[in-house]
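Written out below as structure tokens is the structure these notes cover.
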Amino acid sequence: MSDVLTASFLSRLSSPAEVVDRVAVSSALAAIVAAARRRFSGVALADEQVGRFLGEKVAAEADPLAALARLKAEELCLVAACLAGDARALQHFDAAYLSPVAERLARAGLAAEVVADARQRIAGSLLVADASGTLRLATYSGRGDLAGWLYVAVAREARRLAGRDARHTPADDLELVDDGVGGDVELAHLKATYGEAFRRSFHAALAELDEQARNLLRQHLLDGLSIDQIAGLQRVHRATAARRLVRVREDLAQRTRALLVQSLRLSESESDSVLRLVRSQIDLSLTRVLGQGGAAD
């Protein structure tokens with residue numbers, strides 16, 4: 001098994017001759033496939049197909065073995081089997097990945113029929129080749145969770161179907177569309193997935209702050225006061241004023257995350273990602289809400 005697996009893997013590398021420890025490569029590949037077979041019981045994992053697919057994902061790396069260790073290799077094995085048309089792999093892919101994605105999006109506030117339509121469209125497009133002849137599913141790199149990669153695709157399609165672009169977003173939706181996303185795919189996914197739930201949790205967390213904390217935020221973000229000016233108003237050292245502002249903002253971010261985790265039943269790893277969303281949006285969200293003259297609706 002390992003000879004075909006290893007040879008197929010090496011055939012896709014840019015410089016296979018530079019791979020010195022082929023025994024280590026063979027051992028690592030065998031362990032990956034064995035783990036994938038245990039995890040995805042009944043899925044046919046052909047050594048040649050899996051080896052080539054894994055090799056393609058680390059083809060340009062200076063140290064392919066180290067790069068392979070950083071990937072979600074077992075999920076790449078499942079994807080390789082799906083690309084090969086294995087029925088059991090496709091069933092597992094749908095049940096273990098697509099279905100949970102749809103359920104999570106529905107809990108985040110998207111209409112069930114929109115989520116179902118988006119799921120169907122994405123599922124139908126994954127095994128369709130693009131203009132270059134590449135199947136969409138084959139573009140999964142393995143650098144992040146397969147579920148997260150699918151979240152992005154299904155959530156974007158659901159938003160498109162629902163017409164939830166900047167022209168149709170309600171004014172109180174805290175600008176959770178494209179502000180500050182840049183090229184950050186994870187944040188784009190988080191905004192598409194948790195936007196409405198974030199709005200609710202943020203309003204609730206802000207309402208829990210006392211008036212002094214809200215005034216501090218208002219002075220800094222709306223009135224544009226510097227730390228020195230705030231320190232003068234509060235008759236404290238500027239370092240004290242700065243610490244208070246940092247603490248209030250972090251307390252608000254953590255409380256917003258806690259409410260999101262509670263309402264959506266997120267895992268620990270997902271909650272860490274959500275904290276990135278909260279921190280990326282907190283100033284914009286505070287400016288909009290406090291500018292309307294209140295803490296919550």
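Quick caveat, the model's predicted, so the values are computed rather than measured.
- Scanning for salt bridge (charged side-chain N to carboxylate O under 4.0 Å, His left out) contacts around E208 gives R255, with sequence neighbours left out.
- For residues 42-63, there are no ring-ring contact (aromatic ring centres under 6.0 Å, His included) pairs, not counting sequence neighbours.
- The pair D47-R37 counts as a salt bridge, with a side-chain nitrogen and a carboxylate oxygen less than 4.0 angstrom apart.
- Around the NZ atom of K57, the shell of radius 6.0 Å holds more than 12 heavy atoms that belong to other residues, nucleotides or ligands.
- A chain of hydrophobic side-chain contacts below 4.5 Å, direct or via other Ile, Leu, Val, Met, Phe, Trp or Tyr residues, connects V33 to L83.
- Side-chain contact check for S41 and R88: no donor-acceptor pair (N or O, by modelled atom type) lies under 3.5 Å.
- Cluster annotation: V25 and L54 are assigned to the same hydrophobic cluster (Ile/Leu/Val/Met/Phe/Trp/Tyr, side-chain heavy-atom contacts under 4.5 Å, transitive).
- The shortest distance between side-chain heavy atoms of I32 and V50 does not fall below 4.5 Å.
- In the displayed structure, E211 atom CD is contacted under 6.0 Å by more than 12 heavy atoms of other residues, nucleotides or ligands.
- Classified by interplanar angle (parallel below 30°, tilted 30° to 60°, perpendicular above 60°), the ring pair F40/Y97 is tilted.
- Clustering ILVMFWY residues whenever any of their side-chain heavy atoms sit less than 4.5 angstrom apart, transitively, puts V236 in a cluster other than the one holding L216.
- Residue pairs satisfying the ring-ring contact (aromatic ring centres under 6.0 Å, His included) criterion with at least one member in residues 229-252, sequence neighbours excluded, are absent.
- Follow the hydrophobic side-chain contacts under 4.5 Å out from L76 and you reach L29 in the same cluster.
- Within 6.0 Å of atom CD in Q120, 12 or fewer heavy atoms from other residues, nucleotides or ligands are found, so the atom counts as exposed in its surroundings.
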